[in-house]
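Labels below follow one simple rule: chain letters A, B, ... track the order of the sequence lines, proteins then strands, and each chain is numbered from 1.
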Amino acid sequence: METLKSNQKLTQSPLFKFLILEFICMVLMIADKNNQLAQPIRNTLSLAVLPLIKIIEWPQDIYQITQLAVSRQANLIQENNQLKEQLLDAELKVQQNVSLAAENLRLRTMLSATQNSPLTTSVAFVSNINQTQNKQHVVIDQGRADGLFVGQAVLNLAGVIGQVDVLGHNFAHVILVTDTTHAIPIEILRTGMRTIAYGNGEKIWLKEIPTSGDIQVGDVLVTSGFGNRFPRGLKLAEVKSLAVSPNRTFKTAVASPFAELDRLTEVFLIWPHKIKQNDINNPTTTSVINPSALIDFDFEEQAQDNSQLQKNNQQADSETTNTDDTYNNVESNELTPEANE
Amino acid sequence: MSKQHNQNNLLMHLSILFAILLTLFPWPDTMAMFQPHWAALMIAYWSLYAANTRVMFVAFAYGLILDVLMGSLLGKHGMSLVALSFLVNKSAKKLRMTSFWQLLMMVLVWLFNDIVIRAVIDWISYRYQPKWYDLLPLLTAALVWPWLKYLMDRIQTTMRNS
């Protein structure tokens, strides 16, 4: 009897509760979609959710620790030697780059071109939790507390991976460049032609190349820096095949990303120089790199007009021209192994 | 009586949390495609068993948690799970009397409804085009549901008897 009575009240009826809850959901979705109004709620909930993620990650952590404990000393020594060799290699390249960066700077001042400001980066690890969403998301172990923001560029050593899509307090969802809802402004390294690269679910898809545009299989795509989300000159993908759009108005191309998106372990997050104060929060994981020395430089020059470079080089002394030749060699050396990959 | 009530409550939360953990577990890709919506199955079971509108609020809360975990629009899973819970609740007393096959068909209908709601929200928010393999989880759900129901019934009986 008592239940009957309570059901008769309007506010107690199941339909009323149902409608109220659905209404709340609707309001939340609209707030979340439009202007991030629901971000505080998401932050609070993501704190509550953290134990669940930790439980899933825990067995894998244990596995890695035991693997380390059980692995033979000989293997470790071998791995150590390999890493030392790699480090030597990398240091050599950096040494070459220092002089090249200085030269680049000089040429840029001659051309009165804009300077590339140094970027702030930080390393995050990819969590292995499963995603049932229809979007291609990966979860990384840094979030709002580490100063991340929505739309932040994410890359790994091989190339661009994507951008931060959804922020939690201690974790974030990164949308991959191959997702169908993702687009990224790019330029073709060989010709400097700019276009937009869309994801098509598996690969990267260029669908708006003019029919007269110069593009070949094997062309490298780098970010063009338009839209201010991705800094200029980050490697993205290599063109694998060409076609013509069904109504024959555009050329299309399919490119495969350099980064192996299905087996990511660690990623780099990039802060543009304006928001540098954010990295004060976690000084342990951040470091300042100069993109013109490390990433940007490799591609910037080739995209530029070669004849202009030559003209400028004539003004400079012969030593500079020599370095320029070395630079070209380094460039080709660096590009080939990646093309083979 | 109240002790048993508390125990049931605890069991409900534990089972739903376990369902969410199953969802988060890094399955291989092919298995992930066939994976049923565990949390929805659990919510359906508890709405059916408890026949109480309280489950709707539980569904709402766990829906939001799923949203945060999956990085989806806040309220997407909440909406579909609340709708599921409401539909089950409405006819729970009748359904507990029906035959095994009828109940199974109803469960599939609810889960299909759940998938449709989420697909519509995705379509509105970013023009998602539904794929045929979005329906594959229904297949596995049909296989899993009888065992899940049996298992949960057994757990409840043992808890009541002890």
Checklist entry - Which bit of A:Leu52 is near chain B, if near means a heavy-atom gap under 4.5 Å: side chain, backbone, both or neither? => result both

Next on the checklist: Can you confirm whether B:Asn89 sits close enough to A:Pro14 that some side-chain heavy atom of one is under 4.5 Å from a side-chain heavy atom of the other?
Outcome noted: no

Next on the checklist: Quick check on A:Tyr198: does its OH atom have over 12 non-hydrogen neighbours (other residues, nucleotides or ligands) under 6.0 Å away?
Outcome noted: yes

Next on the checklist: For A:Trp205, I'd like to know if atom CH2 has over 12 heavy atoms of other residues, nucleotides or ligands within 6.0 Å.
Outcome noted: no

Checklist entry - What's the shortest heavy-atom distance between A:Asp32 and B:Leu74, and which atoms? => result OD2-N, 2.9 Å

Checklist entry - Heavy-atom count around B:Asp29 CG within 6.0 Å, excluding the residue itself: above 12? => result no

Item to check | Shortest non-hydrogen contact from B:Met70 toward A:His137 | outcome: O-ND1, 3.7 Å

Item to check | Sidechain-backbone polar pair: A:Lys33 side chain, B:Leu73 backbone, donor-acceptor under 3.5 Å | outcome: no

Item to check | Any B:Asp67 side-chain heavy atom under 4.5 Å of A:Leu45 side chain | outcome: no

Checklist entry - Which atoms of A:Thr181 come close to chain B, meaning under 4.5 Å heavy atom to heavy atom: side chain ones, backbone ones, both, or neither? => result side chain

Next on the checklist: Please find the pair of heavy atoms, one from A:Cys25 and one from B:Gly78, that lie closest to each other, and give the distance.
Outcome noted: SG-C, 3.7 Å

Next on the checklist: At a 4.5 Å cut-off on heavy atoms, which part of B:Tyr126 comes close to chain A: side chain, backbone, both, or neither?
Outcome noted: both

Checklist entry - What pair of heavy atoms forms the shortest contact from B:Gly71 to A:Val166, and how long is it? => result O-CG2, 3.2 Å

Checklist entry - What is the distance from atom CE of A:Met26 to atom CE of B:Met79, rounded to the nearest 0.5 Å? => result 4.0 Å

Checklist entry - How many angstroms lie between CD1 in A:Ile41 and CG in B:Leu64, if you round to the nearest 0.5 Å? => result 8.0 Å

Item to check | Interatomic distance, A:Ile53 atom CD1 to B:Leu69 atom CG [nearest 0.5 angstrom] | outcome: 5.5 Å

Item to check | chain A contact via B:Gln35 - which portion, at a heavy-atom distance below 4.5 Å | outcome: side chain

Next on the checklist: Give the interface residues of residues 134-160 of chain B toward chain A, defined by a heavy-atom separation under 4.5 Å.
Outcome noted: B:Asp134

Checklist entry - From A:Asp165 CG over to B:Ser72 OG, what is the distance, rounded to the nearest 0.5 angstrom? => result 10.5 Å

Checklist entry - For chain B, which of A:Gln60, A:His173, A:Glu57 has the most heavy-atom pairs under 4.5 Å? => result A:His173

Checklist entry - Based on non-hydrogen pairs under 4.5 Å, which of A:Val27, A:Ile129, A:Asp262, A:Ile175 is most in contact with chain B? => result A:Ile129

Item to check | Those residues that, when tested against A:Phe18, pass side chain to side chain contact (heavy atoms under 4.5 Å, CB included) (two or more places apart) | outcome: A:Leu15, A:Glu22, B:Met56, B:Val82, B:Ala83, B:Phe86

Item to check | Under 4.5 Å from any heavy atom of chain A - which part of B:Ile20 | outcome: side chain

Next on the checklist: Heavy-atom pairs under 4.5 Å with chain B: which of A:Leu167, A:Thr180, A:Ile56, A:Asn128 has the most?
Outcome noted: A:Ile56

